[in-house]
Each structure stands twice: as C-alpha cells, then as structure tokens.
Amino acid sequence: MSISTPGGPERRPTVVSTGKKPAAGRPASGAKPGAGKSAGAPRPTSGGKGPRKPVTPVKVSQGRSWGPIALFVAVGVIAASIIGYGAFAAFQGSKPWEKRAADIDGIVDFREKDAKLVQGGQHQQGPIKYDVNPPVAGPHNAAWQNCMGDVYDAPIASEHAVHSLEHGAVWMTYRPDLPADQVAKLKSKVQGQEKLMLSPFEGLDKAISLQAWGYQLKVDNADDGRIDDFIKTLRVNASVEGPTAPCSEGITATGTTPRDAGAMPQQPTQ
C-alpha cells in the first residue's frame with residue numbers, strides 16, 4: 001500500500017532570499033562565535049605579522065675626557081698643600097722663639113745647662129779662657145766685634161765676639177780647611193745682614209759652628225737647612241740687652257788677641 005503526498009509529487013522546502021550578504025568578519029547566521037578558531041591562538045595584527053616586540057633603546061657609549069678631571073684634581077692637591085703649609089707656618093710663627101729654637105735638631109741650649117754662664121754684663125780685660133769653644137756666653141771684652149754682616153777672612157778674638165753675641169748677633173764660624181765653595185755659601189748668608197758675622201776658627205770638631213748668646217749648633221756643610229733656621233730664630237731674639245743693642249762701631253780688626261777699650265778710638269759700650 002503506497003502513501004502519496006497530497007498535492008502531487010514531494011515538495012521541497014522553499015528558500016526565500018533576502019538579498020543581504022553576511023557582514024565581513026561575522027559568522028553566518030546560525031554559526032557560533034569563535035567556531036573554527038583554535039583556543040589561545042594570537043589574534044593576527046594588520047598586515048598579517050605576529051605581535052610586536054618592545055623596542056630596546058640603544059645605548060651609545062661615550063668616552064670621558066680625563067684631561068680636565070686630572071687638571072682639576074692636581075689644582076685641588078696643590079691648593080690643599082699651600083693652605084696646609086700656610087697653616088703650619090702660621091702655627092710655627094706663633095710659637096715663642098725659645099720653643100722654635102728647641103725644635104732645631106742638634107741645637108745645644110746652654111741657658112738650661114749653665115744659668116751662670118749666660119749672665120750678661122760681665123766685662124773683663126785681657127785674654128779670657130772659655131770652656132766652650134767657640135764660646136757662646138760668659139765674661140767678655142768691653143768692646144764688641146763689628147757685626148753688621150761682616151765677613152772676616154782670619155780668626156777674630158773670642159772676647160770681642162762674645163760681646164757681639166750679647167747684643168743679639170749670630171756668629172758663624174768654620175774650619176780653615178773648609179772648601180772655598182762652602183765658604184762662599186756661608187758668606188752669601190752673612191754679607192750685608194745686620195747682627196751677623198763670619199770668621200774661621202781653629203780646632204772645630206765639625207765643619208761649621210753657629211753661636212748665639214747661650215746657644216750653639218754644629219753642622220757638616222753649608223747646605224744644611226738648620227743654618228737658616230738658627231739665624232732666623234736666634235738673631236736679635238737671643239740678645240740679653242734688647243733689639244737696639246748696636247752692632248756697628250765695633251772692632252773690625254782680626255787676630256785672636258783682644259784689644260782693650262782703652263786702647264781703641266772712643267766708641268759706645270754696652
């Protein structure tokens with residue numbers, strides 16, 4: 001028995017077209033979003049390229065100019081040295097001259113060793129025997145040796161020289177066999193300088209010996225920096241008669257025999 005569809009042959013569903021196409025990128029009607037895509041797949045960017053990577057900035061290495069830096073450092077070191085030396089010199093200059101004298105290496109302070117020896121005003125005629133040679137203090141002739149930067153090429157009488165020390169002079173002595181160039185250096189320190197005098201002296205145990213009233217320093221050569229320290233510290237300062245005690249109008253003759261004031265032209269005595 002056959003079953004027939006009413007109206008004749010079998011009908012097919014009628015499809016009605018609306019005339020619209022699905023929008024680009026949208027799924028057709030009835031399709032689920034994301035269908036046909038792999039989960040987790042990166043979304044393509046324009047142009048079909050993969051995701052952009054962050055751009056790493058390029059560092060440009062530039063060499064330092066060390067010249068100005070080195071100059072700055074050098075100037076700083078020099079400035080610090082000058083300031084430091086100035087401060088040290090100011091500190092040294094502020095110390096009493098006795099303290100500065102004590103700081104001179106090798107100096108002998110007879111003021112501490114023998115207070116009686118350094119008493120001033122002990123005038124005595126004729127030759128005097130001294131326990132310290134060259135002498136640094138003690139009895140002396142009433143006439144002093146001229147000490148206005150005088151350079152004596154022969155020995156002088158200690159009795160006159162000690163009186164000059166009492167007036168604040170520094171008496172520089174040297175062995176007669178000291179080389180000429182060394183003697184010339186000593187002369188350059190003395191010539192024309194008030195309260196200084198230079199002469200050879202027999203029997204020295206060192207090449208050069210410096211005397212001020214109550215002080216003595218012996219050195220081996222004229223280049224020793226302590227010579228200048230001794231002069232700067234003790235000239236005038238070591239006087240026991242004050243800074244105005246004269247060095248002019250004194251004995252200018254050489255020879256180890258003292259000349260008594262009575263046999264000399266009239267001159268002031270201290």
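Atoms considered below: every heavy atom in the structure, side chains included; atoms not considered: hydrogens, waters and symmetry mates.
At distances below 3.5 Å, not a single donor-acceptor pair connects side-chain atoms of Tyr152 with backbone N or O atoms of Ala253. Between the Asn146 side chain and the Glu249 main chain, a donor and an acceptor come within less than 3.5 Å of each other. The backbone N or O of Leu196 sits nowhere less than 3.5 Å from a side-chain atom of Arg235 that would complete a donor-acceptor pair. Under the 3.5 Å distance criterion, the side-chain polar atoms of Gln216 are matched with a main-chain donor or acceptor of Pro134. Distance alone, capped at 3.5 Å, places no donor-acceptor pair between the Gln191 side chain and the Gly149 backbone.
Proximity of Pro135 to Phe110: side-chain heavy atoms (C-beta onward) are nowhere separated by under 4.5 Å. Using a 4.5 Å heavy-atom threshold, the side chains of Asp228 and Lys189 count as touching. Annotation: side chain of Lys185 is in contact with side chain of Gln182 (closest heavy-atom distance under 4.5 Å). Looking only at side-chain heavy atoms (C-beta outward), Asp220 and Lys206 come within less than 4.5 Å of each other. Looking at Asp153 and Lys187, their side chains come closer than 4.5 Å, going by heavy atoms from C-beta outward. Side chains of Val136 and Leu117 form a contact here, defined as non-hydrogen atoms less than 4.5 Å apart. For the pair Met172 and Ile227, the minimum side-chain heavy-atom distance is below 4.5 Å. Counting heavy atoms from C-beta outward, Val240 and Glu166 have side chains that approach closer than 4.5 Å.
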Worked check of side chain to side chain contact (heavy atoms under 4.5 Å, CB included) between Ile107 and Leu234: CA-CA 11 Å; Ile107 197 170; Leu234 296 169; 3.9 Å; yes
Before giving the answer on side chain to side chain contact (heavy atoms under 4.5 Å, CB included), spell out for Arg111 and Glu98 the whole-Å C-alpha distance, their side-chain angles and the decisive distance to 0.1 Å. CA-CA 11 Å; Arg111 298 187 180 202; Glu98 294 92 345; 5.7 Å; no
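In this structure, His123 has its ring center closer than 6.0 angstrom to the ring center of His140.
Using a 4.0 Å cut-off between charged side-chain N and carboxylate O, Asp224 and Lys218 make no salt bridge.
Between Trp213 and Ser239, the side chains place no donor N or O within less than 3.5 Å of an acceptor N or O (distance only, hydrogens not considered).
Around atom CG of Asp181, more than 12 heavy atoms belonging to other residues, nucleotides or ligands sit under 6.0 Å away.
The aromatic rings of His167 and Trp144 sit tilted, their planes meeting at an angle between 30° and 60°.
Checking Ile156, Leu186, Ile208, Leu210 one by one against Leu198, the side-chain contact (heavy atoms from CB on, under 4.5 Å) holds for a single residue, Leu186.
Summarising the geometry of Phe201 relative to Trp171, their closest heavy-atom pair is CE1-CH2, 3.9 Å, with the distance given to 0.1 Å.
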